[in-house]
Amino acid sequence: MKKQVAILGATGSIGDSTLAVIAANPERYDVVGLSGHSRLDKLLDLCRKFKPRYVCVPDTAATDFAQQLQAAGLRVEVLAGDAGLIELASHDTVDTVVAAIVGAAGLPSTLAAANHGKTILLANKEALVMAGALMIRAAQASGARLLPIDSEHNAIFQCLPPAVQTERAAIHAPSHGIKRLWLTASGGPFLQHSYADMQAASVAQAVKHPNWSMGQKISVDSATMMNKGLELIEASFLFDMPVTQIDVVLHPQSIIHSMVEYSDGSVLAQLGTPDMRTPIAHALAYPDRIDSGVTSLDLFALSQLTFLRPDLEKFRCLALAYDAMQAGSAACIALNASNEVAVAAFLAEKIRLTDIARINETVLQQTPTNAVEDLAAILAVDEQARTYAKTAVKALA
């Protein structure tokens, strides 16, 4: 039977790649629902092409979007706002949810999918950064499956034994011999540049990633290495691995996407052309394999593969992620919230790129070190951290 797929965040880069894989394999997938936030003209075009049963847009756009659908002769039910996202993520007609909404805004709908036993293709790393324990408990209680589609986490997943892929806790079984997880990082656009260059960086320079085509927010996070910090926290929750057994290694070519180290000295790595269609196709078809449409990796064209230790002074955001993970869940929530505010301020040209780490550190210093596990408390910590961050932005601006 065809998988019934809802894509939350369909107009972003993950949505583009997911829909490309689905379009190449129409016999396997039906697009049941789509959501979009700001690029609604693109969302309308996607509705014309894929003809979903449901589409979710912001509350303020629902009436106008419904009229546009009607004018286009499309019979699509319009859902609205956060409530609409939750309804779509938990709908009985949906079995697979692609969680690709950027930032904390994606948490409630991703949690709803977990509570309703869906297969979740997880690109929204913030869901686990903010609510890792809550998400894992919800998935275990409902039978939901979390399949990572971030290239790094998907690579680790592929390098784990099948028993660990099926049962998260099995990673600790001595017979599997799993010693360490290695997250690779490209180093972003400033790997070969000085801290002073980062201080003077323009928005255009910060969002110009050398290997990947991504949205502005995640591109800035890559430039500061906050993205890798968030992935570090996500990996700890996703794979039930303490942060002391997860390392980050700079790999500028982005050919090896991550690795698993075993006690016998083996290191298993997943390689591939840097294209998000590969991890998405893997998760969509799991445990099968399908054609993703990605160009085969030309091993003979690889002149070298480079590995470097991250400079935690230059990339202070990565160091803060290690600190937050050690401090507890409240610190992880606050770090993510502060970073979203700081990145938005940088994109609005109110602060410098290097000010993002300063703001994040200031907010962490103001955040209590305690465990926060229910949704109301998580959202309260998130809101408080945003208030602290906005104050810090004003002080620097």
Side chain to side chain, [X] and [Y], heavy atoms closer than 4.5 Å:
X: Val363; Y: Arg386; value: no
X: Ile178; Y: Tyr262; value: yes
X: Ile359; Y: Val341; value: no
X: Tyr388; Y: Lys390; value: no
X: Glu126; Y: Leu230; value: yes
X: Asn336; Y: Ile233; value: no
X: Met226; Y: Leu335; value: yes
X: Gln68; Y: Leu40; value: no

Give a yes or no on whether [X] and [Y] share a hydrophobic cluster (residues Ile, Leu, Val, Met, Phe, Trp, Tyr; joining criterion: side-chain heavy atoms under 4.5 Å apart).
X: Ile86; Y: Ile7; answer: no
X: Leu19; Y: Ile280; answer: yes
X: Met276; Y: Ile22; answer: yes
X: Val381; Y: Leu320; answer: yes
X: Val76; Y: Val97; answer: no

Answer yes when [X] and [Y] have at least one side-chain N-carboxylate O distance shorter than 4.0 Å, and no when they do not.
X: Glu152; Y: Lys228; result: yes
X: Arg145; Y: Glu167; result: no
X: Asp150; Y: Lys125; result: yes
X: Asp355; Y: Arg358; result: yes

Please check: side-chain N/O of [X] versus main-chain N/O of [Y], any donor-acceptor pairing under 3.5 Å?
X: Ser258; Y: His153; answer: no
X: Ser236; Y: Leu232; answer: no
X: Asn25; Y: Val21; answer: yes
X: Asn124; Y: Ile101; answer: yes
X: Gln205; Y: Ser202; answer: yes
X: Arg168; Y: Phe237; answer: yes
X: His251; Y: Ile256; answer: yes
X: Lys3; Y: Tyr29; answer: no
X: His257; Y: Gly272; answer: yes
X: Gln245; Y: Lys179; answer: yes

Salt bridge (Lys or Arg N to Asp or Glu O under 4.0 Å) assessment of Arg53 paired with Asp30: CA-CA 10 Å; Arg53 299 181 208 174; Asp30 280 333; 5.6 Å; no
Between [Y] and [X], is there a side-chain donor-acceptor contact under 3.5 Å, judged purely by atom types and distance?
X: Ser13; Y: Asp16; value: no
X: Asp221; Y: Asn339; value: yes
X: Thr306; Y: Gln253; value: yes
X: Asp275; Y: Thr273; value: no
X: Asn115; Y: Ser142; value: no

Value rounded to 0.5 Å, distance of [atom1] in [X] from [atom2] in [Y]:
X: Leu79; Y: Ser35; atom1: CG; atom2: OG; answer: 10.0 Å
X: Thr387; Y: Gln366; atom1: OG1; atom2: CD; answer: 10.5 Å
X: Ser186; Y: Ile255; atom1: OG; atom2: CD1; answer: 11.5 Å
X: Leu88; Y: Ser109; atom1: CG; atom2: OG; answer: 8.5 Å
X: Thr96; Y: Ile120; atom1: OG1; atom2: CD1; answer: 10.0 Å
X: Glu231; Y: Ile156; atom1: CD; atom2: CD1; answer: 9.0 Å

Identify the heavy atoms of [X] and [Y] that sit nearest to each other, and give their distance.
X: Thr367; Y: Ala330; value: CG2-O, 3.8 Å
X: Pro279; Y: Ser151; value: CG-CA, 4.1 Å
X: Gly188; Y: Ser222; value: CA-OG, 3.9 Å
X: Arg352; Y: Gln199; value: CD-O, 3.5 Å
X: Phe346; Y: Val203; value: O-CG2, 3.4 Å
X: Ala6; Y: Val94; value: CB-CG1, 3.8 Å

Worked check of side chain to side chain contact (heavy atoms under 4.5 Å, CB included) between Cys159 and Met259: CA-CA 7 Å; Cys159 292; Met259 298 168 280; over 6 Å; no
Derivation and outcome, side chain to side chain contact (heavy atoms under 4.5 Å, CB included), residues Leu43 and Leu34: CA-CA 8 Å; Leu43 186 63; Leu34 300 171; 4.0 Å; yes
For atom [atom1] of [X], decide whether the heavy atoms of other residues, nucleotides or ligands shown that lie under 6.0 angstrom number more than 12.
X: Lys394; atom1: NZ; result: no
X: Asp82; atom1: CG; result: no
X: His193; atom1: NE2; result: yes

Working for side chain to side chain contact (heavy atoms under 4.5 Å, CB included), residues Leu250 and Leu191: CA-CA 9 Å; Leu250 294 173; Leu191 176 60; 3.6 Å; yes
Tyr286 vs His282, ring pair (Phe, Tyr, Trp, His ring centres under 6.0 Å): CA-CA, chis, key distance, verdict: CA-CA 6 Å; Tyr286 181 83; His282 172 265; 5.7 Å; yes
Counterpart residues, side-chain hydrogen bond (donor to acceptor under 3.5 Å, both in side chains), relative to Lys118 (two or more places apart):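 Per chain and number, Lys118 pairs via side-chain hydrogen bond (donor to acceptor under 3.5 Å, both in side chains) with no residue.
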Residues Leu318, Arg316; criterion side chain to side chain contact (heavy atoms under 4.5 Å, CB included); working and verdict: CA-CA 5 Å; Leu318 179 57; Arg316 181 65 184 150; over 6 Å; no
Reference residue Phe239; test side-chain contact (heavy atoms from CB on, under 4.5 Å); the match among Ile171, Val164, Ile246: Ile171
